[in-house]
Trainee: 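The structure under discussion is supplied below as structure tokens; questions concerning it will follow.
What's counted below: heavy atoms across the whole structure, side chains too, no hydrogens, waters or symmetry copies.
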2 protein chains.
Amino acid sequence: MPLIIENLSKHITLTPQEQELFLSKIEIKQYKAKTILLNAGEICATSYFVNSGVLRSFNINDNIVEHVLSFACSGWWIGDMYSLLSQKPGNLFIQVIEDAEVVLLSKENQEILYQEIPKLERFFRILIENSLVAYQERLMDNLSLTAEERFEKFCSKHHDLIQKVPQKQIASYLGVTPEFFSKMKSKLLRK
Amino acid sequence: MPLIIENLSKHITLTPQEQELFLSKIEIKQYKAKTILLNAGEICATSYFVNSGVLRSFNINDNIVEHVLSFACSGWWIGDMYSLLSQKPGNLFIQVIEDAEVVLLSKENQEILYQEIPKLERFFRILIENSLVAYQERLMDNLSLTAEERFEKFCSKHHDLIQKVPQKQIASYLGVTPEFFSKMKSKLLRK
DNA sequence: AAAGGCACTTAATCTAGATTAAGAAATGTA
DNA sequence: TACATTTCTTAATCTAGATTAAGTGCCTTT
């Protein structure tokens, strides 16, 4: 069974016909590492679901500093929610970190699917609810934990990513500089 | 027209009967300032919609330090999403800051309403989508802006709250100590 | 009116994490 | 294989914001 159908079935049950319909509305693509799927300033018209490999979303502020908003590996969705919803130019880049196979669902087809399979409204509501809870927790962590505590939490939650993602990007995700991250890491290893 | 019906009509259109049904499933209560509507450790079974007054959600970490997650004034929803969705004990408090009239929607009734008025699934999806985008932006702001820049952004976005909320709570929302906030504010006033 | 408790301010001191800089490893590329 | 580019490390210095502490003014409650 395709990974994405398995993913849907975590929250809703689709009939075989509905599964067919869903699969007919998506596109699957292979991308090499470093490929940019979405540039800041563009209008995001697609949701991305990762079959394999790793992606990230990030922005670049005027100081030319990158800030990683999220990583996505096998079984995760990623996109620029702001731009996708508002259909205005966003400020996120979406980039492949490790060679990836990605499912593309256009906003257009997503709306069609909402009409044809109303249950999907429920699926995406739950997906976004969970995402919201995760971002709320991450925000509170950034307000209340030290960099070291955030790193330990990240390790226990996303151990799989640590090998696959350049550590400067993990630093950025945690909100510290690569230099400080390096120092912190070697301090933790010495323990 | 009740504020909450007006609120629903921002994203969906309800028939008069549906409006009636909705109104029959909610409860309206008055609360004095400082009242706690939800304690950390409790399971959240209710969504709150503010008719008037101001509420906040916050947690308290082991160091006995409060961290404000969100404010809500007239026309805003507030709750402990994590606890509400998982039905596990949460770690948020929800408290009245300024005497308030609040609409209560129980999780139970919300589920019933999803059945009876499927459009509501759309409404809450959109509500949560917007909330998610806002938290993503706030997280990125915390990663990339200085406290002063965050404060200026807060002022331009939530000017109404500045008069109503004790400034130590705004400090907490922004992620700085009350002392530093005070210093920062007087520095900005001197300009 | 007194008294206790908050919220806010000011100021001195301290520190987590940033910045700058330079070298070492790793990776890509011809 | 060598060269270039990027990533990571180490270390010195710096700073935004924390901590500690003391004082002021304003509500509450009695």
Trainee: I need the CD1-P distance between B:I64 and C:dC6, as an integer number of Å.
Mentor: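 Checked: the CD1 to P distance equals 14 Å.
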
Trainee: Tell me which donor-acceptor pairs under 3.5 Å the side chains of residues 66-76 of chain B have, and how far apart each pair is, sequence neighbours excluded?
Mentor:
unit_1: B:E66; atom_1: OE1; unit_2: B:R56; atom_2: NH1; d: 2.8
unit_1: B:E66; atom_1: OE1; unit_2: B:R56; atom_2: NH2; d: 3.2
unit_1: B:S70; atom_1: OG; unit_2: B:S57; atom_2: OG; d: 2.9
unit_1: B:S74; atom_1: OG; unit_2: B:N51; atom_2: O; d: 3.0

Trainee: Between B:L38 and B:F93, is there a side-chain heavy-atom distance shorter than 4.5 Å?
Mentor: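 In short, these two side chains do not touch, never coming nearer than 4.5 Å.
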
Trainee: Between A:P166 and A:I97, is any pair of side-chain heavy atoms under 4.5 Å apart?
Mentor: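 Yes, their side chains come closer than 4.5 Å.
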
Trainee: Within the pair A:Q167 and D:dT9, is there a side-chain N or O less than 4.0 Å away from OP1 or OP2?
Mentor: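 Answer yes for this pair, as a side-chain N or O of A:Q167 is under 4.0 Å from OP1 or OP2.
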
Trainee: Quick check with a 6.0 Å cut-off and a 45 degree axis cone: is B:R138 positioned over the face of A:Y135's six-membered ring?
Mentor: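 That pair does not qualify as a cation-pi contact.
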
Trainee: Could you tell me whether the phosphate oxygens of C:dT9, OP1 or OP2, come under 4.0 Å of any side-chain nitrogen or oxygen in B:K185?
Mentor: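 Yes, because at least one side-chain N or O of B:K185 sits under 4.0 Å from OP1 or OP2 of C:dT9.
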
Trainee: Output the rounded distance in Å from CD (B:Q169) to C1' (C:dC8).
Mentor: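 The distance from CD of B:Q169 to C1' of C:dC8 comes to 13 Å, rounded to the nearest Å.
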
Trainee: Are the charged groups of A:K119 and A:E18 less than 4.0 angstrom apart, N to O?
Mentor: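 Counted as a salt bridge, because a side-chain N and a carboxylate O are separated by less than 4.0 Å.
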
Trainee: I'd like to compare against my own output: the B/S/- annotation of nucleotides 12-22 of chain C with a strict under-4.0 Å heavy-atom distance to protein.
Mentor: -----BBBBB-

Trainee: Taking only side-chain nitrogens and oxygens of A:K34, does any of them come within less than 4.0 Å of OP1 or OP2 of C:dG28?
Mentor: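 False: A:K34 side-chain N/O out of range (4.0 Å or more) of C:dG28 OP1/OP2.
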
Trainee: Suppose clustering is done on Ile, Leu, Val, Met, Phe, Trp and Tyr with side-chain heavy atoms closer than 4.5 Å. Which residues sit in the same group as B:I12?
Mentor: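 Answer for B:I12: B:M1, B:L3, B:I4, B:I5, B:L8, B:L14, B:L21, B:F22, B:L23, B:I26, B:I28, B:F49, B:W77, B:V103, B:L105, B:L113, B:Y114, B:I117, B:L120, B:F123, B:F124, B:L127.
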
